[in-house]
Amino acid sequence: MSSSPSCSAADNNLMRNRILSTKLYFDVPLSKLPLIYSNSYDISFLGIEKLHPFDSSKWGRICNFLVSFGVLDKNRIVEPLEASKDDLLVVHSESYLNSLKESSNVAKIIEVPPVALFPNCLVQHKVLFPFRKQVGGTILAAKLAKERGWAINVGGGFHHCSAENGGGFCAYADISLCIQFAFVQLNISRVMIIDLDAHQGNGHEMDFADDNRVYILDMYNPGIYPLDYEARNYINQKVEVKSGTRTEEYLLKLDEALEVAGRRLEPELLVYNAGTDILEGDPLGRLKISPDGIALRDEKVFRFAREKNIPIVMLTSGGYMKSSARVIADSIVNLEKKCLIETSGGSKDA
């Protein structure tokens, strides 16, 4: 369901009622950090998950690093709820959700052909349930960001999925859902998406094609998946970085892009899709950004949000090397060192 004028008043009322009746928005005590994760995020499916280059245990490894570094107490992590069918229907059609009841369709979306051979109940439990938990985390992150100034969902960022189509390891449109919930629940009317995953965020671009409340800055490699030329028409600020681009050039382009974005919109929420597939050596991103470059990238985006007093939601999105988890954890440590987030102090009272 879109917010375009073609939607009927009845559709919009139904969407609004679904959002207002959600259980995904719940009160989080100050003893918890605005850092969201569940053990259920990690995908383990008889070893078949290894047939896709994505590290499906990345999310848990990020948290383990942060705990081992002493910057995170695991008791202060927020566990989200699973997005229900009613929650998903805020953006997705009934027909799209029904298509996920066919294992062959899920296999195409997650790009692991053998998954087509398994009973759908197993696919729901082993693959789609972890995704739905991450969707719940992304939606909750907006509420926490509004309350605390920032929130990190150690997962999410399924930016290739739109209302009607999944693909590229993305089965649910968590970014679109997060924003639609924020419009209603948080009374927000202007949102900026900064998508710095190496791949074009064609899912949210299609979903917000006709919605002038959402401004999209997408910095991506134009020569790789998804090559969605229609969706590129809906990017407000397109920054193309070709294969082989190195750290210095990348960060210079980002500085210029943030300068332009800051002049064009004063958003009330920033959704930051922080994929690490821009890392040098990543087999899919084909860029050559150093680990320190990623930490600097994240710092620049968080500083942009801080200076403009915009609540920021960070999603970890793509990243296809085992080293990605450590790089993300190191970047989060750097954000704390630069006082752009706070993970170690704060209230211990519920």
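Sequential numbering from 1 along the given sequence is applied to the chain's residues.
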Looking just at side-chain N and O atoms, do Glu102 and Asn120 make a donor-acceptor pair shorter than 3.5 Å? no
Nearest heavy atoms of Asp298 and Ala274, plus distance in Å: OD1-CB, 4.2 Å
So which of Asn187, Leu186, Leu269 actually passes side chain to side chain contact (heavy atoms under 4.5 Å, CB included) with Lys146? Leu186
Between the side chain of Asn273 and the main-chain N/O of Leu196, is any donor-acceptor distance below 3.5 Å? no
Any donor-acceptor pair under 3.5 Å linking the side chain of Arg286 with the backbone of Ile278? no
Sub-3.5 Å donor-acceptor pair from the side chain of Asn221 to the main-chain atoms of Gly285, do we have one? yes
Straight-line distance of Leu81 CG to Asp87 CG, nearest 0.5 Å: 9.0 Å
Looking only at heavy atoms, what is the nearest atom pair of Leu100 and Ala171, with distance? CD1-O, 4.2 Å
So, Asp174 side chain and Phe158 main chain: donor-acceptor pair closer than 3.5 Å or not? yes
Proximity of His92 and Tyr96 rings by center, below 6.0 Å: yes
Lys300/Asp255 under salt bridge (Lys or Arg N to Asp or Glu O under 4.0 Å): CA gap, chis, key distance, verdict: CA-CA 8 Å; Lys300 286 174 185 292; Asp255 283 337; 2.9 Å; yes
Ion pair check, Lys133 and Glu82, cut-off under 4.0 Å: no
Is there a path of hydrophobic side-chain contacts, each under 4.5 Å between heavy atoms of I/L/V/M/F/W/Y residues, joining Val239 to Leu227? no
Please lay out, stage by stage, how Arg18 and Gln180 fare under the test side chain to side chain donor-acceptor pair (under 3.5 Å). CA-CA 11 Å; Arg18 283 184 170 129; Gln180 294 291 4; over 6 Å; no
Minimum heavy-atom distance between Leu340 and Arg306, given as atom pair plus value: O-NH2, 3.1 Å
Under the side-chain contact (heavy atoms from CB on, under 4.5 Å) rule, what do Phe302 and Met314 come out as? Steps first, then yes or no, please. CA-CA 9 Å; Phe302 270 77; Met314 174 176 162; 3.6 Å; yes
Step-by-step side chain to side chain donor-acceptor pair (under 3.5 Å) determination, Asn98 to Lys101: CA-CA 5 Å; Asn98 284 338; Lys101 295 175 183 175; 3.2 Å; yes
Let's go through Asp218 and Gln237 carefully: what are the C-alpha distance in whole Å and the side-chain angles of both, what is the deciding distance for side chain to side chain donor-acceptor pair (under 3.5 Å) to 0.1 Å, and is it a yes or a no? CA-CA 6 Å; Asp218 196 348; Gln237 192 177 339; over 6 Å; no
Assess whether atom CG of Asn13 is packed by more than 12 heavy atoms of other residues, nucleotides or ligands within 6.0 Å. yes
Do Phe129 and Val123 belong together in a cluster built from hydrophobic side chains that touch within less than 4.5 Å? no
Salt-bridge contact Asp27-Lys32 (side-chain N to carboxylate O under 4.0 Å): no
Which class fits the ring pair Tyr37 and Tyr41: parallel under 30°, tilted 30 to 60°, perpendicular over 60°? perpendicular
Arg303 and Glu307 ion-paired at < 4.0 Å: no
Determine the sole option in Leu33, Thr343, Ile341 for which the side chain to side chain contact (heavy atoms under 4.5 Å, CB included) test with Ile152 is passed. Ile341
If you measure from CG on Leu24 to CD on Gln185, what distance do you get to the nearest 0.5 Å? 9.5 Å
Should Ile235 and Met206 be counted in the same cluster of Ile, Leu, Val, Met, Phe, Trp and Tyr side chains packed under 4.5 Å apart? no
Counting distance only, does the side-chain N/O of Asp207 pair as donor-acceptor with the main-chain N or O of Ala163 below 3.5 Å? yes
Does Val241 reach the side chain of Tyr220, with side-chain heavy atoms less than 4.5 Å apart? no
For residues 258-267, please give each side-chain donor-acceptor pair under 3.5 Å, one per line with the distance, not counting sequence neighbours.
unit_1 : atom_1 : unit_2 : atom_2 : d
Arg264 : NH1    : Tyr215 : OH     : 3.2
Arg264 : NH1    : Asn236 : O      : 3.4

For the atom pair NZ (Lys108) and OG (Ser99), what is the distance rounded to the nearest 0.5 Å? 9.5 Å
Closest heavy-atom pair, Asp277 versus His199, reported as atoms and distance to 0.1 Å, is OD2-ND1, 2.9 Å
Which ring pair (Phe, Tyr, Trp, His ring centres under 6.0 Å) pairs, counting each pair once, include a residue from residues 223-274, with sequence neighbours left out? His160-Tyr225
Using every non-hydrogen atom in the two residues, find where Glu111 and Gly168 come nearest and quote the distance to one decimal. OE2-CA, 3.6 Å
Looking at every non-hydrogen atom in both residues, tell me the closest pair between Pro291 and Leu279 and how far apart they are. N-CD2, 3.8 Å
Would you mind reporting whether Val78 and Leu35 have side-chain heavy atoms less than 4.5 Å apart? no
Do Val214 and Val184 belong together in a cluster built from hydrophobic side chains that touch within less than 4.5 Å? yes
Has Ser317 got a side-chain atom pairing as donor or acceptor with His159's backbone, closer than 3.5 angstrom? no
With side-chain contact (heavy atoms from CB on, under 4.5 Å) as the criterion, how do Thr245 and Lys288 come out once you've worked through the C-alpha distance, each side chain's angles and the decisive distance to 0.1 Å? CA-CA 6 Å; Thr245 297; Lys288 295 189 173 181; over 6 Å; no
Assess the side chains of Glu280 and Ser290: does a donor N or O sit below 3.5 Å from an acceptor N or O? no
Once rounded to the nearest 0.5 Å, what's the spacing between atom CG of Leu315 and atom SG of Cys178? 7.0 Å
Between CG of Asn202 and CZ of Arg232, what distance do you get to the nearest 0.5 Å? 9.5 Å
Calculate, to the nearest 0.5 Å, the distance between atoms CG and OG1 belonging to Leu252 and Thr247 respectively. 12.5 Å
Any side-chain heavy atom of Glu205 sitting closer than 4.5 Å to one from Ile216? yes
How about Phe169 and Phe131: are their ring centres within less than 6.0 Å of each other? yes
Evaluate the criterion side-chain contact (heavy atoms from CB on, under 4.5 Å) for residue pair Ser189 and Phe183; output intermediate values, then yes/no. CA-CA 6 Å; Ser189 58; Phe183 284 150; 5.6 Å; no
Is it true that Leu122 and Leu117 fall in one hydrophobic cluster, defined by side-chain heavy atoms closer than 4.5 Å? no
Salt-bridge contact Lys85-Glu94 (side-chain N to carboxylate O under 4.0 Å): yes
